[in-house]
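The structure under discussion appears below in the form of structure tokens.
Here is how names work: the chains are called A, B, and so on, in the same order as the sequence lines, proteins then strands, and each is numbered from 1. None of the values given here were measured: they were computed from a predicted structure.
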Number of protein chains: 2
Amino acid sequence: MRDDATSDLRNEVVGRVTIRDVALEAGVSVATASKALNERGRMTSETRERVRTAARLLGFRPNAMARALVHQRSFTLGLLTSDTYGRFTLPVAAGLSAAMSDRGVSVFLCAIDDDPERARLNLEAMEDKRVDGLVIAGKRIDRTLPLNLASARMPVVHVVAACPPDGVGFVPDDEGGAFLAVSHLARLGRRRIAHVTGPRSFAAVPLREAGWRRALGEAGLPPFGEALCGEWSERFGYETGQRLFGAAAERPDAVFCGNDQIARGLIDALAQSGLGVPEDVAVVGFDNWELFAQAARPPLTTVDMELKDLGREAGLTLLDMIDGKPVEPGLRRLPCRLVVRRSCGGGAP
Amino acid sequence: MRDDATSDLRNEVVGRVTIRDVALEAGVSVATASKALNERGRMTSETRERVRTAARLLGFRPNAMARALVHQRSFTLGLLTSDTYGRFTLPVAAGLSAAMSDRGVSVFLCAIDDDPERARLNLEAMEDKRVDGLVIAGKRIDRTLPLNLASARMPVVHVVAACPPDGVGFVPDDEGGAFLAVSHLARLGRRRIAHVTGPRSFAAVPLREAGWRRALGEAGLPPFGEALCGEWSERFGYETGQRLFGAAAERPDAVFCGNDQIARGLIDALAQSGLGVPEDVAVVGFDNWELFAQAARPPLTTVDMELKDLGREAGLTLLDMIDGKPVEPGLRRLPCRLVVRRSCGGGAP
DNA sequence: CTGAAAGCGCTTACAG
DNA sequence: CTGAAAGCGCTTACAG
């Protein structure tokens, strides 16, 4: 029992050191301690040093909530996301979290599974916690979350989600990414470049198609047929591969796929048809979903949407808005990056 | 400019309603307003109702940081995770976040990429923000994060990560999950059940192997050779499949794979060898990583680690610890669930 | 240069 | 039943 009492006491004393303790230890007032620690106001460097030493000695860490109360700024953000599967959100969240923690701001994760009730609950929690701003992250550039932001009295940015006309949004440049991929294929000498992609109901689909067409146009090549739209699945890639290369008619010598799963399925179909990748057909994907792209045989050249960058940029812009800096409303389309692997030849690693 | 002034003013007035505003509106003191809103103390129901009405009218939301200051409790948790890829962490985080938000607690996401410096930074941020507790989430049950928790003056739980002997940890029951899978195969009449799995350096590997052996023992079956350890990759599954079924020697009639990627590769090898799944060989995976398991042909029976449950249970236990309830130290192995699909036959969906 | 006072928004004994 | 006062931990004018 003696032990218990002692450790309780110790917790009491050393557990939560306040600025009062520091002031006491340094023999100054709380006000002076505060100023010394925050490098404001003038004072003897001797006093300042004495306070610093006391703070270090006691392991003082200022209570962020108390500061927030006086500064009317919590250095805290809310991330509301509908993507529980996490394929898109996690890189966004990681990029955001890393960039923010470097600036002393922390981010609350709110997983709302497309559930309006949960969304409302979390939004209220964020308001109660007085976050300085909100980032709304989805998994499609053309869908809003089931969230009523109208009442939100704080800056908001959208990432990989639909964004109101007067809002600030960040999405990957799908058209540009597709252009990169297809230009690369053309540069490698491919002439009959097909496009196999997801459902047209996704806004990304016509955008990637447009990039495909523009790259072909600039290379002086005709599109190889129409874009073949289906599902975002390996199965659709596989079946389309069979159709595309099973027929005796003219075959593509390259396929730009709307995502990595389709590319993966298509490669499987090519293997079954005895066609070599990249010798006979070059294949490029979209997403750079590592475990798909790396596991493909051969490893897949694909477009990376740079989701971490998206998260970071969104966060930095949100910080600007919070600081009252002027920020243009509108959608930012951030550049994608082509990751060259072996599936398109050209001496790739 | 008039507009600007007006809206500024409005922001000032309506933007941040405080309990003072509510009290004023209701014609009572701040203390009474507080008690009315928190259902404490006795007072005329008329007064209470008046305060409530005022609060509703003004859209009052109490400032959680101010309350935290007086209650010495922030209703806030920190989630420190090293798994930026997110395959394991995101379900854990989603389960945690959902369970916590139902109880009014919010969770800070801290992505530390196995970077000790970033880890320290985030840990300090969590201390400064006075979170009530910490959940440490990794991607392997046998690895700690590069984190010095010794100085952390708050309750901590570990999820899918190594846990100090006196700590509280949550991991999936790998042995039990393997047992489920292999028992299922045995019940289906399979007699020669092999095990192809990842590197022995992962603690999960011997555990899953033990489950395989126990299930075989209970079914009165001998193990089919030794467990074949390699990598967690499709390629290893593919190559091992070729070796296992290429030889003319006795072949397994079922394979329990250490993860879904291995299973996927193995199924590909079987297809190439002209062997049918599940007719000739039943295959079971581990992870229930939807996009691998569903895309397999046929869809893969596999073990789900119930990571969301893990996140929820860890959070609830952490809440208990925060509330000072007695919590046994030690590792909890939470049950896995067998997800039956077509790859093992037996009339599965 | 240093400190007393007021205040950020809320709650909780304690008087009245 | 209701309110004045003190306090949670910090900061910021403002005096001295």
Exercise: identify the closest heavy-atom pair between B:S101 and A:L121
O-CD2, 3.6 Å
If I compare all heavy atoms of A:G78 with all of A:M126, which pair ends up nearest, and what's the gap?
CA-SD, 3.7 Å
If we count only N and O atoms by modelled type, under 3.5 Å, do the side chains of A:S106 and A:T76 hold a donor and an acceptor together?
no
Over how many whole Å does the gap from [X] atom [atom1] to [N] atom [atom2] extend?
{"X": "A:R130", "N": "D:dC10", "atom1": "CZ", "atom2": "P", "value": "21 Å"}
{"X": "B:H71", "N": "C:dC10", "atom1": "NE2", "atom2": "P", "value": "12 Å"}
{"X": "B:K129", "N": "D:dC8", "atom1": "NZ", "atom2": "P", "value": "23 Å"}
{"X": "A:E46", "N": "C:dC1", "atom1": "CD", "atom2": "C1'", "value": "12 Å"}
{"X": "A:R73", "N": "C:dG7", "atom1": "CZ", "atom2": "P", "value": "24 Å"}
{"X": "B:R50", "N": "D:dG3", "atom1": "CZ", "atom2": "C1'", "value": "14 Å"}
{"X": "A:I19", "N": "C:dG7", "atom1": "CD1", "atom2": "P", "value": "20 Å"}
{"X": "A:N38", "N": "D:dG9", "atom1": "CG", "atom2": "P", "value": "17 Å"}

Mind checking A:V28 for me? I need base, sugar-phosphate or nothing, with any heavy atom below 4.0 Å counting as a touch.
sugar-phosphate
Separation of the P atoms in C:dA4 and D:dG7, to the nearest angstrom:
16 Å
Could you tell me which nucleotide pairs with C:dA4 by Watson-Crick or G-U wobble geometry, both distances under 3.5 Å, or answer none if nothing does?
none
Base paired to C:dA13 (Watson-Crick or G-U; both N/O distances under 3.5 angstrom)
none
Are any of [X]'s side-chain N or O atoms less than 4.0 Å away from OP1 or OP2 of [N]?
{"X": "A:Q72", "N": "C:dG9", "answer": "yes"}
{"X": "A:N63", "N": "D:dC8", "answer": "no"}
{"X": "B:R67", "N": "C:dC10", "answer": "no"}
{"X": "A:S29", "N": "C:dA4", "answer": "no"}
{"X": "A:T18", "N": "D:dG9", "answer": "no"}
{"X": "A:S34", "N": "D:dT12", "answer": "no"}

Taking for each residue the nucleotide of DNA chain D with the nearest heavy atom, is it B:L69 or B:T32 whose nucleotide lies nearer the 5' end?
B:T32
Closest-nucleotide mapping onto DNA chain C: is B:M65 or B:A31 further toward the 5' terminus? I mean the 5' end.
B:M65
Does A:E46, at its CD atom, have more than 12 non-hydrogen atoms belonging to other residues, nucleotides or ligands within less than 6.0 Å?
yes
Inspect the surroundings of CZ in B:R73 and state if more than 12 heavy atoms from other residues, nucleotides or ligands are less than 6.0 Å away.
yes
Which nucleotide sits closest to the side chain of B:F60: C:dC10, D:dT11, C:dT12?
C:dC10
Could you please name the option among D:dC8, D:dT2, D:dG3 that lies closest to any side-chain atom of B:K35?
D:dG3
Passing candidate, side chain to side chain contact (heavy atoms under 4.5 Å, CB included) with B:F170, options B:L318, B:V160, B:L307, B:T317
B:T317
